Amino acid sequence: MKYHLETLAIHAGQDPEAMTGAVTVPIFQTSTYAQEGLGQPRLGYEYSRTNNPTRQAYEQCLAALEGARHGIAFASGMAATNNCMYLLQSGDEVLVSDDVYGGTFRFFTKVMSKFGVKAHFVNTSDLAEVEKNLTSKTKLVWVESPTNPLLKLTDVRAVCKLAKAKGALVIVDNTFMSPAFQRPLELGADMVMHSATKYLGGHSDLVGGILATNSDELNEVMRFHQNAVGAIPGPFDCWLALRGLKTLAVRMQAHAKNAQAIADYLEAHPAVRQVIYPGLASHPQHALARTQMHGFGGMISFEIKGGIEEAKTLVESTKLFLLAESLGGVESLIEVPATMTHASIPRERRLEMGIADGLIRLSVGIENSQDLIGDLEQALKKAVSKTLV
Ligand SMILES: *Cc1c(COP(=O)(O)O)cnc(C)c1O
């Protein structure tokens, strides 16, 4: 029988423990395993960098949620991204969404460039741009959809078709949607990458990363390097991530319901210039969001009238929305990309991209939506009291 995502989240990889029947997977906090005889490890466990039962349960569960055969876990999202680079060699080229996570941009420009891997940053929302920039040297297309903080979507199905025609692999950073709302492998991607720090863990209490793929061949390369390079998560972090996965489906529904209510509220507010949320009919790719995703997520960006001063007052006035970087936890967060998450991008380039000084990003949590709207209401009033209305 084929189970649904909500059921897989509770059961995949998580049979009751064999000795005691414990219904939660134990934290196997061990580095090594006693062998039954020379060259006879029990059930294949020899050393915890190579394999650990808690990690294995987490990998199997996430793989099941993504509709994948294999899950491969890492110590952070960036470690998972780095592991994908062992598919490449010096001289290879990569196409990368131009609005990717800042750490991914830094990784390609400051790290991979030293090893002769050239990244071309293109607007992957524009299929003609993708086609134009795919060459015989392109080994990999790295897509993030929706992007951060502008929530631009890429048509993953279409990009996969274009890449496949040129023999390039497609990896999708699925951090913003999680498998509850988007399953890139079903859209044709070769591999999915997650920062488990965000929605998968979901409680802002761990840093982790994970890959998922249906390809035995890619899995073999990823597994070999997971062990050979060694950026693995510890058993306790795997246990926390697995615990997070159990409630992923209900959390994502709650995030999305709150985010939709807040996006509607903000769009009608006189102090707000523009609201970006894939669930709004005003989002330029709302139609694509409807066909590619199963929900619109918990991230909203909006521009307050005025500029940096108004944005500063707003984010310093909210009480429930905590002023912090990161996203995807049960608590609501607020930040100003221009001065926080995206400060490393020169102002001119930021403005070119559409990241205004007064742009504000919300990671909407699972608190009561009326309480959250009330919090924004009082903060918006303070922010614009001097300049507007
Ligand atoms: C946070 C994040 C990453 C990096 O993950 P870490 O766990 O912080 O290493 C990559 N991509 C996206 C979209 C992210 O939000």
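In each ligand, atom 1 is the first atom listed, and ligand 1 is the first ligand listed. In this text the structure is predicted, and so the values were computed from the model without any measurement.
- Distances between N or O atoms of M193 and those of ligand 1 include no value under 3.5 Å.
- The contact set between ligand 1 and D173, taken as ligand atoms under 4.0 Å from a residue heavy atom, comprises 10 (C), 11 (N), 12 (C), 13 (C).
- Remark: E316 engages K312 in a salt bridge (charged side-chain N to carboxylate O under 4.0 Å, His left out) (not counting sequence neighbours).
- Any N or O atom pair closer than 3.5 Å counts here, and T197 shares at least one such pair with ligand 1.
- For Y199, the ring-ring contact (aromatic ring centres under 6.0 Å, His included) criterion is met by H255, not counting sequence neighbours.
- Listed by atom number, the atoms of ligand 1 under 4.0 Å from S195 heavy atoms are 1 (C), 2 (C), 3 (C), 4 (C), 5 (O), 6 (P), 7 (O).
- Counting heavy atoms from C-beta outward, R361 and M340 have side chains that stay 4.5 Å or more apart.
- Under a 4.0 Å criterion applied to the non-hydrogen atoms of G208, ligand 1 contributes the atoms 7 (O).
- In this structure, atom 6 (P) of ligand 1 lies nearest to the protein heavy atom G77 N, 3.4 Å.
- Side-chain contact between D357 and R350 is present, with at least one heavy-atom pair separated by less than 4.5 Å.
- Proximity to E144 (heavy-atom distance under 4.0 Å) selects the following atoms of ligand 1: 13 (C).
- Looking from atom 4 (C) of ligand 1 to the surrounding protein, the closest heavy atom is Y101 CE2, 3.4 Å.
- Looking only at protein heavy atoms, the nearest one to atom 2 (C) of ligand 1 is K198 NZ, 2.5 Å.
- Open room surrounds CD on E131; 12 or fewer heavy atoms of other groups in view lie less than 6.0 Å from it.
- For the pair T291/D155, no side-chain contact is recorded, criterion being any heavy-atom separation below 4.5 Å from C-beta on.
- Checked by distance only, ligand 1 and M78 come closer than 3.5 Å through their nitrogen or oxygen atoms.
- Nearest heavy-atom pair, Y58 versus A196, reported as atom, atom and distance to 0.1 Å: OH-CB, 3.3 Å.
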